**Student:** 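Next up is a structure, given as C-alpha coordinates.
Please read these numbers as outputs of a predicted model, since none were measured by experiment.
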Amino acid sequence: MANILEMVKSQKLTYEQKVFSLAHAAEDTLDVLYVPERTSYYFEHNAIDNLFEGNAPYRPRYILPDYDKFIKEGSEFLQLDPPRDLEELLNSLMILYRHVPSITGFPVYLGNLDKMIEPFLEGYSDEEIKKRLKLFLNYIDRTITDGFCHANLGPEDTRAGRLILEVEKELQNAVPNFTFKYDSNITSDEIGELALYTSMFCANPAMCNHNLAKDTYCTDYGIASCYNILPIGGGAYTLSRLVLPKAAKLAKNIDDFFNIILPECLQAMGDYMNERVRFLVEESGFFESSFLVKEGLIHKDKFIGMFGIVGLADCTNMLLEEKGKRYGHDREADDLADRIMHTISEFVTSFPAKYSPISGGHFLLHAQVGMDYDKGITAGVRIPVGDEPENMSDHLRHSARFHKLIPTGCSDIFAMETTARNNPSAMLDIVKGAFSLGVKYISFYEKNGD
(Lines give C-alpha, C1' and ligand atoms only; values in the text may rest on other atoms or scores of the structure.)
Protein backbone atom coordinates (compact mmCIF):
# COMPACT_ATOMS: atom_id res chain seq x y z
CA MET A 1 0.00 0.00 0.00
CA ALA A 2 2.89 2.34 0.76
CA ASN A 3 4.29 1.77 -2.75
CA ILE A 4 0.89 2.47 -4.32
CA LEU A 5 0.51 5.68 -2.35
CA GLU A 6 4.02 6.67 -3.46
CA MET A 7 2.93 6.22 -7.08
CA VAL A 8 -0.15 8.35 -6.50
CA LYS A 9 1.89 11.16 -4.95
CA SER A 10 4.81 10.97 -7.38
CA GLN A 11 5.79 14.21 -9.08
CA LYS A 12 8.16 12.40 -11.45
CA LEU A 13 5.54 10.27 -13.20
CA THR A 14 3.16 11.63 -15.81
CA TYR A 15 -0.54 10.95 -15.39
CA GLU A 16 -0.36 8.16 -18.00
CA GLN A 17 2.64 6.58 -16.28
CA LYS A 18 0.76 6.63 -12.98
CA VAL A 19 -2.20 4.83 -14.55
CA PHE A 20 0.04 2.09 -15.98
CA SER A 21 1.95 1.74 -12.71
CA LEU A 22 -1.23 1.50 -10.66
CA ALA A 23 -2.71 -1.07 -13.04
CA HIS A 24 0.45 -3.15 -12.77
CA ALA A 25 0.34 -2.91 -8.98
CA ALA A 26 -3.26 -4.14 -9.00
CA GLU A 27 -2.35 -7.09 -11.21
CA ASP A 28 0.46 -8.06 -8.86
CA THR A 29 -1.97 -8.42 -5.96
CA LEU A 30 -3.27 -11.56 -7.71
CA ASP A 31 -1.86 -15.06 -7.33
CA VAL A 32 -3.18 -17.13 -10.23
CA LEU A 33 -0.04 -18.81 -11.60
CA TYR A 34 1.39 -22.04 -10.21
CA VAL A 35 5.05 -21.39 -9.36
CA PRO A 36 6.88 -24.30 -7.66
CA GLU A 37 9.26 -23.69 -4.79
CA ARG A 38 12.39 -24.40 -6.84
CA THR A 39 11.26 -21.96 -9.53
CA SER A 40 10.68 -19.32 -6.85
CA TYR A 41 14.24 -19.94 -5.64
CA TYR A 42 15.66 -19.07 -9.05
CA PHE A 43 13.41 -16.02 -9.30
CA GLU A 44 14.59 -14.83 -5.88
CA HIS A 45 18.21 -15.13 -7.00
CA ASN A 46 17.41 -13.39 -10.33
CA ALA A 47 18.64 -16.36 -12.37
CA ILE A 48 15.31 -16.26 -14.18
CA ASP A 49 13.27 -13.12 -14.71
CA ASN A 50 9.75 -12.47 -16.02
CA LEU A 51 10.64 -8.93 -17.17
CA PHE A 52 7.81 -7.23 -15.26
CA GLU A 53 5.09 -9.17 -17.08
CA GLY A 54 2.95 -9.25 -13.94
CA ASN A 55 1.25 -12.02 -12.01
CA ALA A 56 -1.88 -12.43 -14.15
CA PRO A 57 -1.40 -12.34 -17.95
CA TYR A 58 -4.34 -10.63 -19.64
CA ARG A 59 -2.78 -9.66 -22.99
CA PRO A 60 0.13 -11.03 -25.04
CA ARG A 61 3.48 -9.37 -24.50
CA TYR A 62 3.96 -8.40 -28.16
CA ILE A 63 1.25 -8.08 -30.83
CA LEU A 64 1.89 -7.72 -34.59
CA PRO A 65 -1.45 -7.01 -36.31
CA ASP A 66 -1.92 -7.75 -39.98
CA TYR A 67 -2.01 -4.10 -41.04
CA ASP A 68 -2.35 -5.04 -44.73
CA LYS A 69 -5.67 -6.74 -43.97
CA PHE A 70 -6.78 -3.68 -41.99
CA ILE A 71 -5.91 -1.36 -44.89
CA LYS A 72 -7.74 -3.58 -47.36
CA GLU A 73 -10.88 -4.15 -45.28
CA GLY A 74 -11.08 -1.37 -42.69
CA SER A 75 -12.53 -2.11 -39.25
CA GLU A 76 -16.12 -2.62 -38.20
CA PHE A 77 -15.21 -2.20 -34.52
CA LEU A 78 -13.48 1.14 -35.15
CA GLN A 79 -16.08 2.16 -37.75
CA LEU A 80 -13.40 2.76 -40.36
CA ASP A 81 -13.81 2.10 -44.08
CA PRO A 82 -10.80 1.05 -46.14
CA PRO A 83 -8.67 4.18 -46.77
CA ARG A 84 -8.88 5.73 -50.24
CA ASP A 85 -6.01 8.23 -50.10
CA LEU A 86 -2.89 9.05 -48.08
CA GLU A 87 -4.68 11.23 -45.54
CA GLU A 88 -7.25 8.54 -44.78
CA LEU A 89 -4.54 5.88 -44.55
CA LEU A 90 -2.43 7.77 -42.02
CA ASN A 91 -5.49 8.77 -40.01
CA SER A 92 -6.80 5.19 -39.89
CA LEU A 93 -3.40 3.87 -38.78
CA MET A 94 -3.18 6.45 -36.00
CA ILE A 95 -6.59 5.35 -34.74
CA LEU A 96 -5.74 1.64 -34.88
CA TYR A 97 -2.38 2.11 -33.12
CA ARG A 98 -4.28 3.52 -30.15
CA HIS A 99 -6.06 0.16 -29.75
CA VAL A 100 -3.15 -2.30 -30.09
CA PRO A 101 -2.07 -3.51 -26.63
CA SER A 102 1.24 -4.94 -25.45
CA ILE A 103 3.17 -5.42 -22.24
CA THR A 104 4.14 -1.72 -22.35
CA GLY A 105 0.60 -0.49 -22.96
CA PHE A 106 1.67 0.82 -26.38
CA PRO A 107 1.93 -0.88 -29.78
CA VAL A 108 5.35 -2.46 -30.30
CA TYR A 109 4.91 -2.90 -34.05
CA LEU A 110 3.64 -0.33 -36.58
CA GLY A 111 3.98 -2.42 -39.72
CA ASN A 112 6.05 -2.35 -42.92
CA LEU A 113 5.42 1.36 -43.32
CA ASP A 114 6.92 1.87 -46.76
CA LYS A 115 4.90 -0.99 -48.29
CA MET A 116 1.74 0.20 -46.56
CA ILE A 117 2.15 3.78 -47.73
CA GLU A 118 3.54 3.23 -51.24
CA PRO A 119 0.17 2.46 -52.98
CA PHE A 120 -1.29 5.77 -51.78
CA LEU A 121 1.37 8.16 -53.13
CA GLU A 122 0.12 8.73 -56.67
CA GLY A 123 -0.82 12.35 -57.28
CA TYR A 124 1.29 13.78 -54.44
CA SER A 125 4.61 15.60 -54.78
CA ASP A 126 7.54 14.58 -52.58
CA GLU A 127 7.12 17.70 -50.46
CA GLU A 128 3.41 17.06 -49.97
CA ILE A 129 4.16 13.49 -48.87
CA LYS A 130 6.95 14.56 -46.51
CA LYS A 131 4.69 17.11 -44.84
CA ARG A 132 2.10 14.42 -44.13
CA LEU A 133 4.76 11.94 -43.00
CA LYS A 134 6.18 14.47 -40.55
CA LEU A 135 2.78 15.00 -38.96
CA PHE A 136 2.22 11.24 -38.81
CA LEU A 137 5.62 10.44 -37.30
CA ASN A 138 5.43 13.32 -34.83
CA TYR A 139 2.05 12.02 -33.68
CA ILE A 140 3.63 8.62 -33.05
CA ASP A 141 6.61 10.09 -31.20
CA ARG A 142 4.44 12.28 -28.97
CA THR A 143 1.74 9.72 -28.16
CA ILE A 144 3.57 6.36 -28.11
CA THR A 145 5.98 7.30 -25.36
CA ASP A 146 7.92 4.06 -25.30
CA GLY A 147 11.22 3.16 -26.94
CA PHE A 148 10.07 -0.38 -27.73
CA CYS A 149 7.83 0.78 -30.59
CA HIS A 150 9.09 -0.39 -33.95
CA ALA A 151 8.44 0.14 -37.68
CA ASN A 152 9.90 -1.73 -40.64
CA LEU A 153 11.17 -0.76 -44.10
CA GLY A 154 12.39 -2.73 -47.13
CA PRO A 155 13.71 -4.91 -48.55
CA GLU A 156 12.46 -3.29 -51.77
CA ASP A 157 13.56 0.16 -52.88
CA THR A 158 10.40 2.28 -52.76
CA ARG A 159 9.59 5.96 -53.05
CA ALA A 160 7.85 5.77 -49.69
CA GLY A 161 10.91 4.18 -48.09
CA ARG A 162 13.24 6.89 -49.37
CA LEU A 163 10.94 9.67 -48.21
CA ILE A 164 10.52 8.10 -44.76
CA LEU A 165 14.31 7.94 -44.41
CA GLU A 166 14.65 11.59 -45.44
CA VAL A 167 11.99 12.64 -42.93
CA GLU A 168 13.48 10.48 -40.16
CA LYS A 169 16.85 12.20 -40.60
CA GLU A 170 15.17 15.61 -40.32
CA LEU A 171 12.90 14.87 -37.35
CA GLN A 172 15.43 13.06 -35.10
CA ASN A 173 12.53 11.48 -33.21
CA ALA A 174 13.11 8.81 -30.58
CA VAL A 175 9.99 6.81 -31.54
CA PRO A 176 9.53 4.66 -33.50
CA ASN A 177 12.69 2.66 -33.93
CA PHE A 178 13.16 1.54 -37.53
CA THR A 179 14.59 -1.60 -39.06
CA PHE A 180 15.44 -1.95 -42.73
CA LYS A 181 15.03 -5.50 -44.00
CA TYR A 182 18.10 -5.84 -46.22
CA ASP A 183 18.59 -8.50 -48.89
CA SER A 184 21.40 -8.04 -51.40
CA ASN A 185 19.32 -9.94 -53.99
CA ILE A 186 16.43 -7.46 -53.66
CA THR A 187 17.64 -4.22 -52.08
CA SER A 188 19.33 -1.61 -54.27
CA ASP A 189 22.67 -0.20 -53.14
CA GLU A 190 21.16 3.28 -53.36
CA ILE A 191 18.49 2.79 -50.71
CA GLY A 192 20.81 0.58 -48.62
CA GLU A 193 23.32 3.42 -48.51
CA LEU A 194 20.58 5.96 -47.77
CA ALA A 195 19.43 3.86 -44.82
CA LEU A 196 22.95 3.66 -43.40
CA TYR A 197 23.61 7.34 -44.06
CA THR A 198 20.43 8.16 -42.12
CA SER A 199 21.58 5.98 -39.22
CA MET A 200 24.64 8.16 -38.81
CA PHE A 201 22.37 11.06 -37.82
CA CYS A 202 19.67 9.38 -35.73
CA ALA A 203 20.83 5.77 -35.06
CA ASN A 204 17.95 4.56 -37.26
CA PRO A 205 17.32 2.34 -39.11
CA ALA A 206 19.07 -0.84 -38.02
CA MET A 207 19.68 -3.53 -40.65
CA CYS A 208 18.08 -6.97 -40.57
CA ASN A 209 19.33 -9.92 -42.60
CA HIS A 210 16.09 -10.50 -44.53
CA ASN A 211 17.48 -13.51 -46.38
CA LEU A 212 17.79 -15.36 -43.06
CA ALA A 213 14.81 -13.88 -41.20
CA LYS A 214 12.21 -14.55 -43.92
CA ASP A 215 12.32 -18.31 -43.32
CA THR A 216 11.80 -18.12 -39.56
CA TYR A 217 8.06 -18.84 -39.92
CA CYS A 218 5.68 -20.17 -42.53
CA THR A 219 4.19 -16.68 -42.66
CA ASP A 220 5.61 -13.18 -43.06
CA TYR A 221 7.58 -11.68 -40.18
CA GLY A 222 7.95 -8.29 -38.57
CA ILE A 223 10.63 -6.74 -36.39
CA ALA A 224 8.97 -5.58 -33.17
CA SER A 225 9.94 -4.01 -29.86
CA CYS A 226 13.73 -3.89 -30.28
CA TYR A 227 14.90 -6.56 -32.76
CA ASN A 228 12.36 -9.33 -32.14
CA ILE A 229 11.56 -11.45 -35.22
CA LEU A 230 7.90 -12.42 -34.82
CA PRO A 231 5.01 -13.65 -37.03
CA ILE A 232 2.76 -10.98 -38.53
CA GLY A 233 -0.82 -11.62 -37.52
CA GLY A 234 0.37 -12.93 -34.17
CA GLY A 235 3.33 -12.11 -31.95
CA ALA A 236 4.71 -13.31 -28.63
CA TYR A 237 2.65 -14.56 -25.71
CA THR A 238 5.49 -13.97 -23.30
CA LEU A 239 9.22 -13.30 -22.96
CA SER A 240 11.02 -14.56 -19.89
CA ARG A 241 14.79 -14.63 -19.65
CA LEU A 242 17.57 -16.72 -18.19
CA VAL A 243 20.11 -14.37 -16.59
CA LEU A 244 23.21 -16.46 -17.18
CA PRO A 245 25.70 -14.70 -14.85
CA LYS A 246 23.19 -14.93 -11.99
CA ALA A 247 22.85 -18.66 -12.67
CA ALA A 248 26.64 -19.05 -12.83
CA LYS A 249 26.95 -17.33 -9.47
CA LEU A 250 24.88 -20.14 -7.91
CA ALA A 251 27.18 -22.85 -9.30
CA LYS A 252 30.13 -24.33 -7.39
CA ASN A 253 32.11 -24.88 -10.59
CA ILE A 254 31.66 -25.50 -14.31
CA ASP A 255 30.49 -29.09 -13.80
CA ASP A 256 27.91 -28.02 -11.23
CA PHE A 257 26.72 -25.32 -13.64
CA PHE A 258 26.14 -27.80 -16.48
CA ASN A 259 24.92 -30.74 -14.40
CA ILE A 260 22.65 -29.01 -11.85
CA ILE A 261 22.10 -25.26 -12.11
CA LEU A 262 21.60 -24.77 -15.87
CA PRO A 263 19.25 -27.78 -16.35
CA GLU A 264 17.14 -26.73 -13.33
CA CYS A 265 16.93 -23.13 -14.54
CA LEU A 266 15.93 -24.20 -18.04
CA GLN A 267 13.22 -26.55 -16.77
CA ALA A 268 11.93 -23.97 -14.29
CA MET A 269 11.71 -21.25 -16.91
CA GLY A 270 10.10 -23.50 -19.50
CA ASP A 271 7.43 -24.63 -17.03
CA TYR A 272 6.84 -21.06 -15.88
CA MET A 273 6.39 -19.80 -19.45
CA ASN A 274 3.94 -22.60 -20.17
CA GLU A 275 1.97 -21.59 -17.09
CA ARG A 276 1.77 -18.00 -18.32
CA VAL A 277 0.66 -19.09 -21.78
CA ARG A 278 -1.92 -21.48 -20.31
CA PHE A 279 -3.54 -18.76 -18.22
CA LEU A 280 -3.50 -16.23 -21.04
CA VAL A 281 -5.13 -18.61 -23.53
CA GLU A 282 -7.46 -20.57 -21.25
CA GLU A 283 -8.52 -18.10 -18.58
CA SER A 284 -7.82 -14.46 -19.44
CA GLY A 285 -10.46 -14.19 -22.18
CA PHE A 286 -8.21 -12.07 -24.38
CA PHE A 287 -8.61 -14.18 -27.52
CA GLU A 288 -12.37 -14.34 -27.05
CA SER A 289 -12.90 -10.62 -26.51
CA SER A 290 -10.37 -8.69 -28.63
CA PHE A 291 -11.67 -7.10 -31.84
CA LEU A 292 -8.22 -7.72 -33.29
CA VAL A 293 -9.01 -11.44 -33.14
CA LYS A 294 -12.62 -11.09 -34.29
CA GLU A 295 -11.60 -9.09 -37.37
CA GLY A 296 -8.76 -11.47 -38.26
CA LEU A 297 -5.94 -9.03 -37.60
CA ILE A 298 -4.33 -11.50 -35.19
CA HIS A 299 -4.68 -15.26 -34.69
CA LYS A 300 -3.88 -17.30 -31.60
CA ASP A 301 -2.08 -19.89 -33.74
CA LYS A 302 0.47 -17.26 -34.79
CA PHE A 303 1.79 -16.54 -31.30
CA ILE A 304 4.96 -17.98 -29.80
CA GLY A 305 6.82 -17.90 -26.49
CA MET A 306 10.22 -16.19 -26.49
CA PHE A 307 12.83 -17.99 -24.40
CA GLY A 308 15.29 -15.22 -23.61
CA ILE A 309 18.90 -15.37 -22.50
CA VAL A 310 21.13 -12.50 -21.41
CA GLY A 311 24.73 -12.14 -20.25
CA LEU A 312 26.43 -15.00 -22.10
CA ALA A 313 29.71 -13.09 -22.03
CA ASP A 314 29.55 -12.36 -18.31
CA CYS A 315 28.59 -15.94 -17.48
CA THR A 316 31.49 -17.31 -19.52
CA ASN A 317 34.00 -14.90 -18.00
CA MET A 318 32.75 -15.73 -14.50
CA LEU A 319 33.12 -19.49 -15.01
CA LEU A 320 36.67 -19.00 -16.37
CA GLU A 321 37.69 -16.24 -13.97
CA GLU A 322 40.53 -18.24 -12.41
CA LYS A 323 42.02 -18.90 -15.84
CA GLY A 324 41.63 -15.30 -16.93
CA LYS A 325 40.02 -16.32 -20.24
CA ARG A 326 37.70 -13.79 -21.89
CA TYR A 327 34.69 -14.15 -24.13
CA GLY A 328 35.45 -12.83 -27.59
CA HIS A 329 39.22 -13.11 -27.13
CA ASP A 330 40.15 -16.67 -26.14
CA ARG A 331 39.22 -19.89 -27.88
CA GLU A 332 38.58 -21.71 -24.58
CA ALA A 333 36.11 -19.02 -23.53
CA ASP A 334 34.31 -19.00 -26.86
CA ASP A 335 34.12 -22.79 -26.91
CA LEU A 336 32.62 -22.78 -23.40
CA ALA A 337 30.09 -20.17 -24.49
CA ASP A 338 29.27 -22.30 -27.51
CA ARG A 339 28.67 -25.29 -25.21
CA ILE A 340 26.37 -23.18 -23.03
CA MET A 341 24.39 -21.98 -26.05
CA HIS A 342 24.04 -25.45 -27.56
CA THR A 343 22.87 -26.83 -24.21
CA ILE A 344 20.20 -24.11 -24.03
CA SER A 345 19.24 -24.52 -27.69
CA GLU A 346 18.86 -28.29 -27.37
CA PHE A 347 16.55 -27.82 -24.39
CA VAL A 348 14.41 -25.15 -26.07
CA THR A 349 14.04 -27.07 -29.34
CA SER A 350 12.85 -30.19 -27.49
CA PHE A 351 10.76 -28.70 -24.68
CA PRO A 352 7.00 -28.88 -25.45
CA ALA A 353 5.43 -25.41 -25.49
CA LYS A 354 1.69 -24.90 -25.10
CA TYR A 355 -0.41 -23.36 -27.89
CA SER A 356 2.53 -22.76 -30.24
CA PRO A 357 1.79 -24.45 -33.60
CA ILE A 358 3.58 -21.85 -35.74
CA SER A 359 6.87 -22.67 -33.98
CA GLY A 360 6.37 -26.42 -34.12
CA GLY A 361 5.12 -26.68 -30.55
CA HIS A 362 8.26 -25.16 -29.02
CA PHE A 363 9.49 -21.89 -27.61
CA LEU A 364 12.06 -19.97 -29.64
CA LEU A 365 15.39 -18.70 -28.35
CA HIS A 366 15.93 -14.94 -28.07
CA ALA A 367 19.00 -12.84 -27.17
CA GLN A 368 17.43 -10.40 -24.72
CA VAL A 369 18.80 -6.86 -24.84
CA GLY A 370 18.84 -6.22 -21.08
CA MET A 371 16.94 -4.05 -18.61
CA ASP A 372 17.63 -0.71 -17.00
CA TYR A 373 18.14 -2.42 -13.62
CA ASP A 374 20.86 -4.76 -14.94
CA LYS A 375 24.30 -4.14 -13.48
CA GLY A 376 27.32 -5.75 -15.10
CA ILE A 377 25.18 -7.82 -17.47
CA THR A 378 25.88 -7.69 -21.20
CA ALA A 379 23.04 -7.81 -23.72
CA GLY A 380 22.27 -11.20 -25.23
CA VAL A 381 25.32 -12.84 -26.75
CA ARG A 382 27.27 -9.62 -27.32
CA ILE A 383 30.85 -8.95 -26.29
CA PRO A 384 30.95 -6.43 -23.39
CA VAL A 385 31.19 -2.79 -24.41
CA GLY A 386 34.81 -1.65 -24.24
CA ASP A 387 36.16 -5.19 -24.59
CA GLU A 388 35.44 -5.71 -28.27
CA PRO A 389 38.14 -7.08 -30.61
CA GLU A 390 40.10 -4.36 -32.39
CA ASN A 391 39.33 -5.89 -35.78
CA MET A 392 35.65 -5.49 -36.74
CA SER A 393 35.78 -8.53 -39.02
CA ASP A 394 36.83 -10.69 -36.04
CA HIS A 395 33.97 -9.23 -34.03
CA LEU A 396 31.47 -9.99 -36.79
CA ARG A 397 32.70 -13.56 -37.20
CA HIS A 398 32.28 -14.04 -33.46
CA SER A 399 28.75 -12.64 -33.64
CA ALA A 400 27.78 -14.94 -36.51
CA ARG A 401 28.86 -17.99 -34.51
CA PHE A 402 26.23 -17.26 -31.87
CA HIS A 403 23.52 -15.56 -33.94
CA LYS A 404 22.85 -18.79 -35.83
CA LEU A 405 21.26 -20.43 -32.78
CA ILE A 406 18.80 -17.59 -32.06
CA PRO A 407 15.71 -17.46 -34.30
CA THR A 408 13.68 -14.66 -32.67
CA GLY A 409 16.26 -11.93 -32.52
CA CYS A 410 19.81 -11.03 -31.67
CA SER A 411 21.90 -8.04 -32.59
CA ASP A 412 25.21 -6.27 -32.49
CA ILE A 413 25.71 -2.52 -32.43
CA PHE A 414 28.71 -0.52 -33.63
CA ALA A 415 29.78 3.05 -33.00
CA MET A 416 31.21 4.63 -36.14
CA GLU A 417 33.53 7.54 -36.74
CA THR A 418 31.84 10.70 -37.99
CA THR A 419 33.65 10.26 -41.31
CA ALA A 420 31.42 7.26 -42.05
CA ARG A 421 28.78 9.77 -43.08
CA ASN A 422 30.91 10.54 -46.11
CA ASN A 423 31.22 6.90 -47.20
CA PRO A 424 27.97 4.95 -46.73
CA SER A 425 29.06 2.56 -49.48
CA ALA A 426 31.83 1.29 -47.18
CA MET A 427 29.26 0.78 -44.42
CA LEU A 428 27.10 -1.17 -46.85
CA ASP A 429 30.10 -3.38 -47.62
CA ILE A 430 30.31 -4.13 -43.88
CA VAL A 431 26.63 -5.09 -43.82
CA LYS A 432 26.99 -7.31 -46.89
CA GLY A 433 30.02 -9.04 -45.39
CA ALA A 434 28.39 -9.47 -41.98
CA PHE A 435 25.22 -10.91 -43.48
CA SER A 436 27.19 -13.29 -45.68
CA LEU A 437 28.78 -14.66 -42.49
CA GLY A 438 25.37 -15.26 -40.90
CA VAL A 439 25.01 -12.16 -38.72
CA LYS A 440 21.26 -11.60 -38.36
CA TYR A 441 20.96 -7.99 -37.24
CA ILE A 442 23.32 -5.05 -37.01
CA SER A 443 22.92 -1.40 -36.11
CA PHE A 444 25.17 1.63 -36.24
CA TYR A 445 25.35 5.03 -34.66
CA GLU A 446 27.72 7.96 -34.89
CA LYS A 447 29.87 7.73 -31.77
CA ASN A 448 29.56 11.44 -30.92
CA GLY A 449 25.85 11.52 -31.62
CA ASP A 450 22.90 11.74 -29.24
**Student:** Does the Thr378 side chain pair with the main chain of Asp314, one donor and one acceptor, at a distance under 3.5 Å?
**Tutor:** no

**Student:** Under 6.0 Å between ring centres, would you say that holds for Phe414 and His395?
**Tutor:** yes

**Student:** Salt bridge check: are Lys432 and Asp183 linked by an N-O gap of less than 4.0 Å?
**Tutor:** no

**Student:** Between His24 and Glu53, what is the shortest heavy-atom contact and its length?
**Tutor:** CE1-C, 4.2 Å

**Student:** For Ser10 and Glu6, indicate whether the former's side chain and the latter's backbone hold a donor-acceptor pair under 3.5 Å.
**Tutor:** no

**Student:** Can you give me the closest heavy-atom contact between Leu212 and Lys440, atom names plus distance?
**Tutor:** CD1-CG, 4.1 Å

**Student:** Rounded to the nearest 0.5 Å, what's the gap from NZ on Lys134 to CG on Leu137? Could you check?
**Tutor:** 10.5 Å

**Student:** So, for Ala379 and Val310, which heavy atoms are closest and what is the spacing to 0.1 Å?
**Tutor:** CA-CG2, 4.1 Å

**Student:** First locate atom OG of Ser350, then atom NE2 of His362, and finally report the distance between them rounded to the nearest 0.5 Å.
**Tutor:** 7.0 Å

**Student:** Quick check: closest heavy atoms across Ile140 and Pro176, and the distance to 0.1 Å?
**Tutor:** CG2-CD, 3.8 Å

**Student:** Check whether any side-chain heavy atom of Leu90 lies under 4.5 Å from a side-chain heavy atom of Ile117, and answer yes or no.
**Tutor:** yes

**Student:** Just so I know, are the side chains of Tyr221 and Thr216 near enough to count as touching, which here means a heavy-atom distance under 4.5 Å?
**Tutor:** no

**Student:** Any side-chain donor paired with an acceptor under 3.5 Å for Asn152 and Lys115?
**Tutor:** no

**Student:** Taking the six-membered ring for Trp and the full ring for Phe, Tyr or His, determine whether the centres of Phe435 and His403 are under 6.0 Å apart.
**Tutor:** no

**Student:** Just by distance, no angles: are the side chains of Thr179 and His150 close enough, under 3.5 Å, to form a donor-acceptor pair?
**Tutor:** yes

**Student:** May I ask you to decide whether Arg159 forms a salt bridge with Asp114, counting only side-chain N to carboxylate O separations under 4.0 Å?
**Tutor:** no

**Student:** Has the side chain of Asp271 got a donor or acceptor atom that lies under 3.5 Å from a matching backbone atom of Ala268?
**Tutor:** no

**Student:** Report the relative orientation of the aromatic rings in Phe52 and Tyr373; use parallel for angles under 30°, tilted for 30 to 60°, perpendicular for over 60°.
**Tutor:** perpendicular

**Student:** When you measure from the side chain of His366 to the backbone of Thr408, do you find a donor-acceptor pair of N or O atoms at a distance under 3.5 Å?
**Tutor:** yes

**Student:** Given side chains that start at C-beta, do those of Asp412 and Val439 come closer than 4.5 Å, heavy atoms only?
**Tutor:** no

**Student:** Out of curiosity, Cys226 SG to Gln368 CD, how far, rounded to the nearest 0.5 Å?
**Tutor:** 7.0 Å

**Student:** Taking the side chain from Glu88 and the backbone from Arg84, do they hold a donor-acceptor pair closer than 3.5 Å?
**Tutor:** yes

**Student:** Kindly indicate whether the side chain of Met392, heavy atoms from C-beta on, has any atom under 4.5 Å from the side chain of Ile430.
**Tutor:** yes

**Student:** Apply side-chain contact (heavy atoms from CB on, under 4.5 Å) to Ser75 and Gln79, showing your working.
**Tutor:** CA-CA 6 Å; Ser75 169; Gln79 301 177 49; over 6 Å; no

**Student:** Just by distance, no angles: are the side chains of Glu156 and Thr187 close enough, under 3.5 Å, to form a donor-acceptor pair?
**Tutor:** no

**Student:** Please identify which of these residues, Phe43, Phe351, Tyr34, meets the ring pair (Phe, Tyr, Trp, His ring centres under 6.0 Å) condition with Tyr272.
**Tutor:** Phe43

**Student:** Just wondering, do Lys300 and Phe286 contact through their side chains at under 4.5 Å, heavy atoms?
**Tutor:** no

**Student:** Is it true that Lys130 and Glu170 make a salt bridge, defined as a side-chain N closer than 4.0 Å to a carboxylate O?
**Tutor:** yes

**Student:** Check for a donor-acceptor pair, side chain of Tyr217 on one end and backbone N or O of Ile229 on the other, with a separation under 3.5 Å.
**Tutor:** yes

**Student:** If only atom types and distance count, is the side chain of Thr14 paired as donor or acceptor with the main-chain N or O of Gln17 below 3.5 Å?
**Tutor:** yes

**Student:** Over 60° means perpendicular and under 30° means parallel, so classify the ring planes of Phe291 and Phe77, tilted if in between.
**Tutor:** parallel

**Student:** Can you confirm whether the side chains of Asn173 and Asn138 place a donor and an acceptor under 3.5 Å from each other?
**Tutor:** yes

**Student:** Please test Val243 against Arg241 for side-chain contact (heavy atoms from CB on, under 4.5 Å), starting from the C-alpha separation and ending with a verdict.
**Tutor:** CA-CA 6 Å; Val243 187; Arg241 67 174 185 168; 3.7 Å; yes

**Student:** Could you grab the distance from atom OH of Tyr182 to atom OG of Ser188, nearest 0.5 Å is fine?
**Tutor:** 8.5 Å

**Student:** To the closest 0.5 Å, what do you measure between SG (Cys265) and CD1 (Ile309)?
**Tutor:** 13.0 Å

**Student:** At what distance, to the nearest 0.5 angstrom, does CD of Glu73 lie from CZ of Phe70?
**Tutor:** 11.0 Å

**Student:** Have Glu446 and Thr418 got a donor and an acceptor in their side chains that come within less than 3.5 Å?
**Tutor:** yes

**Student:** When the ring centroid of His342 is compared with that of Phe402, is the distance short of 6.0 Å?
**Tutor:** no

**Student:** List the steps, then state whether ring pair (Phe, Tyr, Trp, His ring centres under 6.0 Å) holds for Phe180 with His210.
**Tutor:** CA-CA 9 Å; Phe180 194 99; His210 177 69; 9.7 Å; no

**Student:** Counting the benzene-type ring for Trp, do Phe106 and Phe20 have ring centres under 6.0 Å apart?
**Tutor:** yes

**Student:** Has the side chain of Ser92 got a donor or acceptor atom that lies under 3.5 Å from a matching backbone atom of Leu89?
**Tutor:** no

**Student:** Between Met341 and Leu405, which heavy-atom pair has the shortest distance, and what is it?
**Tutor:** CB-CD1, 3.7 Å

**Student:** Any ion pair linking Glu388 and Arg382 (charged N to carboxylate O, less than 4.0 Å)?
**Tutor:** no

**Student:** As a test of understanding, state which of Tyr355, Phe287, Tyr62 forms a ring pair (Phe, Tyr, Trp, His ring centres under 6.0 Å) with Phe303.
**Tutor:** Phe287

**Student:** Is Arg132 salt-bridged to Asp85, going by a charged N under 4.0 Å from an acidic O?
**Tutor:** no

**Student:** Between Glu27 (side chain only) and Ala56 (backbone N and O only), is there a donor and an acceptor less than 3.5 Å apart?
**Tutor:** yes

**Student:** Answer yes when Arg278 and Glu283 have at least one side-chain N-carboxylate O distance shorter than 4.0 Å, and no when they do not.
**Tutor:** yes

**Student:** Ignoring hydrogens and geometry, is there a side-chain-to-backbone donor-acceptor pair from Asp394 to Pro389 under 3.5 Å?
**Tutor:** no

**Student:** In terms of ring plane angle, is the pair Phe347 and Phe307 parallel, tilted or perpendicular, where the classes change at 30° and 60°?
**Tutor:** tilted

**Student:** Mind checking what makes ring pair (Phe, Tyr, Trp, His ring centres under 6.0 Å) contact with Phe279, not counting sequence neighbours?
**Tutor:** none

**Student:** Work out which heavy atom in Pro57 is nearest to a heavy atom in Arg276; give both atom names and the distance.
**Tutor:** CG-NH2, 3.3 Å

**Student:** Thinking salt bridges, do Asp220 and Lys214 make one under a 4.0 Å N-O criterion?
**Tutor:** no

**Student:** Should Met306 and Leu230 count as side-chain neighbours, where that means a heavy-atom distance under 4.5 Å?
**Tutor:** yes

**Student:** Under a 4.5 Å cut-off applied to non-hydrogen side-chain atoms, are Ser411 and Ile442 in contact?
**Tutor:** no

**Student:** Could you pull out all donor-acceptor pairs under 3.5 Å where a side-chain atom in residues 196-208 meets a protein atom, sequence neighbours excluded?
**Tutor:**
| from | atom 1 | to | atom 2 | distance (Å) |
| --- | --- | --- | --- | --- |
| Thr198 | OG1 | Leu194 | O | 2.8 |
| Ser199 | OG | Leu196 | O | 2.6 |
| Asn204 | OD1 | Phe178 | N | 2.9 |

**Student:** Verify ring pair (Phe, Tyr, Trp, His ring centres under 6.0 Å) between Tyr67 and Tyr97, making sure each step is shown before the conclusion.
**Tutor:** CA-CA 10 Å; Tyr67 290 114; Tyr97 292 155; 5.6 Å; yes

**Student:** Please examine the side chains of Val108 and Ser102, heavy atoms only from C-beta on, and report whether any two atoms are closer than 4.5 Å.
**Tutor:** yes

